[in-house]
Amino acid sequence: MISGSEIRFVPNEPDGMHCYQASFLMFLSYFRPGDAYSMQDAERITGKLPGKAPWPIAGPVWLARNGFDVKVIFDFDYPAFATEGIEYIRHRYGDEVAKWQAEHGSGFGRGLLEEFLSIVTFEQRMPTLDDVSESLATGGLVTCAVNSKPLKDEDGYEGHYVVVYGADDERIHMHNPGPPPKAQQVVSVSEFDIAWSFPDKTARYVMLVNESGQS
């Protein structure tokens, strides 16, 4: 298992809207320690707009273009979302998730989606903890989209990303950008699953990242 101390921890920004970008900076500092990337670089890489949370399309495309093996596992019909927008989210995940996405999410261009589907390994299915463990076993890192509220013992929904660097039958080891930021956070598998599987297991999202040829 990779040690959390091997990965530079990057906290969220004060606006609480940069967890995805913080995850990318953690990836890049681990795999490309000789390169210096700023939060502004991460915003550009992930296609972030001011005050909005980007859909995880531009980020995986950038990684694939720049020599990483990237696999996204998500039971999600991206072309349908590109056509139907927030109503697709409402139909799949309910009003609470749709409301958050309508307020905080941003769209993506169809041209970028076409590139995503052509150069990123995408499996339209529900990911499992075995997928996470198998990637970690090859030296990869994993980012999961979760509902941050259960991780803070709060009710409701808030879209969030964490970097997972270790997993076993009982515990998940991760860097949680926050807020509140928690480096080397350890939670039980059941606690993690509640956050990862909101509103149900079909909502699980995972991006597996490794150096090219290592996965």
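Here, residue 1 is the first one in the sequence, and each next residue gets the next number. What you see below is based on every heavy atom in this structure, not just the backbone, and it leaves out hydrogens, waters and symmetry mates. Predicted model, so just to flag it, every value in this text is computed and none were measured.
Looking only at distances, a side-chain donor or acceptor of S118 sits under 3.5 Å from a matching main-chain atom of E115. Looking at Y88, its side chain does come within 3.5 Å of a backbone N or O of D77 through a donor-acceptor pair. Distance alone, capped at 3.5 Å, places no donor-acceptor pair between the E170 side chain and the S188 backbone. Of the possible polar contacts, none joining the D131 side chain to the P127 backbone as a donor-acceptor pair under 3.5 Å is found. In this structure a side-chain-to-backbone donor-acceptor pair under 3.5 Å is present from N12 to G178. Checked by atom type and distance alone, the side chain of S29 pairs as donor or acceptor with a backbone atom of M26 at under 3.5 Å. H173 places no side-chain N or O within 3.5 Å of a backbone atom of V186 that could act as its donor or acceptor partner. Within the 3.5 Å criterion, the main-chain N or O of A203 finds no donor-acceptor partner in the side chain of W196.
Within the 4.5 Å cutoff, no side-chain heavy atoms of Y93 are placed close to those of Q101. Looking only at side-chain heavy atoms (C-beta outward), V189 and L129 come within less than 4.5 Å of each other.
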* Passes side-chain contact (heavy atoms from CB on, under 4.5 Å), V209 versus T143? Steps please. -> CA-CA 8 Å; V209 181; T143 189; 5.8 Å; no
* Take R92 and D75, measure what salt bridge (Lys or Arg N to Asp or Glu O under 4.0 Å) needs, and give me the verdict at the end. => CA-CA 10 Å; R92 285 295 306 274; D75 185 16; 3.7 Å; yes
* Would V72 and T121 satisfy side-chain contact (heavy atoms from CB on, under 4.5 Å), going step by step from the backbone distance to the final call? -> CA-CA 6 Å; V72 171; T121 301; over 6 Å; no
* Might you work through the side-chain contact (heavy atoms from CB on, under 4.5 Å) test for W62 and T46, ending with a clear yes or no? => CA-CA 8 Å; W62 186 93; T46 60; over 6 Å; no
* To do: Check the pair F122 / Y78 against ring pair (Phe, Tyr, Trp, His ring centres under 6.0 Å), numbers first and verdict last.
  => CA-CA 11 Å; F122 173 57; Y78 281 106; 5.3 Å; yes
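The cluster map of Ile, Leu, Val, Met, Phe, Trp and Tyr, joined by side-chain heavy atoms under 4.5 Å apart, puts L208 and M174 in the same cluster. By the criterion of side-chain heavy atoms lying less than 4.5 angstrom apart, applied directly or through intervening Ile, Leu, Val, Met, Phe, Trp or Tyr residues, F192 is not grouped with F198; the two fall into different hydrophobic clusters. Grouping the Ile, Leu, Val, Met, Phe, Trp and Tyr side chains by contacts below 4.5 angstrom, directly or via other members, places I73 with I172.
Judged purely by distance below 3.5 Å, without hydrogens or angles, the side chains of H160 and N176 pair a donor atom with an acceptor atom. One side chain, T202 or D200, offers a donor N or O that lies under 3.5 Å from an acceptor on the other. For N210 and T138, the side-chain atoms include at least one donor-acceptor pair closer than 3.5 Å.
The minimum heavy-atom distance between S38 and L25, with the atom names listed, is O-CD2, 3.5 Å. Considering all non-hydrogen atoms of both residues, V70 and V120 come closest at O-CG1, 3.9 Å. A pairwise comparison of heavy atoms in A58 and G47 identifies CB-N, 4.1 Å as the closest pair. The two residues V10 and M39 have their closest heavy-atom pair at CG1-CE, 4.2 Å. When all heavy atoms of V97 and P199 are compared, the pair lying nearest together is CG2-CD, 4.2 Å.
In this structure, W100 and H104 have tilted ring planes: the angle between them lies in the 30° to 60° band. Ring planes of Y161 and Y20: tilted class, angle from 30 to 60°.
Identified under the salt bridge (Lys or Arg N to Asp or Glu O under 4.0 Å) test for residues 186-199, with sequence neighbours left out: D193-K201, D193-R204. Pairs of residues two or more places apart, or lying in two chains, that qualify as salt bridge (Lys or Arg N to Asp or Glu O under 4.0 Å) and include a residue from residues 21-43 are R32-E211, D41-R44.
In this structure, OG in S106 is found 7.5 Å from NZ in K52, a value given to the nearest 0.5 Å.
Classification of R90 and E87 as a salt-bridged pair holds, one side-chain N sitting under 4.0 Å from a carboxylate O.
Residues that satisfy the ring pair (Phe, Tyr, Trp, His ring centres under 6.0 Å) test with F81, not counting sequence neighbours, are W55, F76, F108.
Exactly one residue among L141, L63, I7 makes a side chain to side chain contact (heavy atoms under 4.5 Å, CB included) with F31. That residue is L141.
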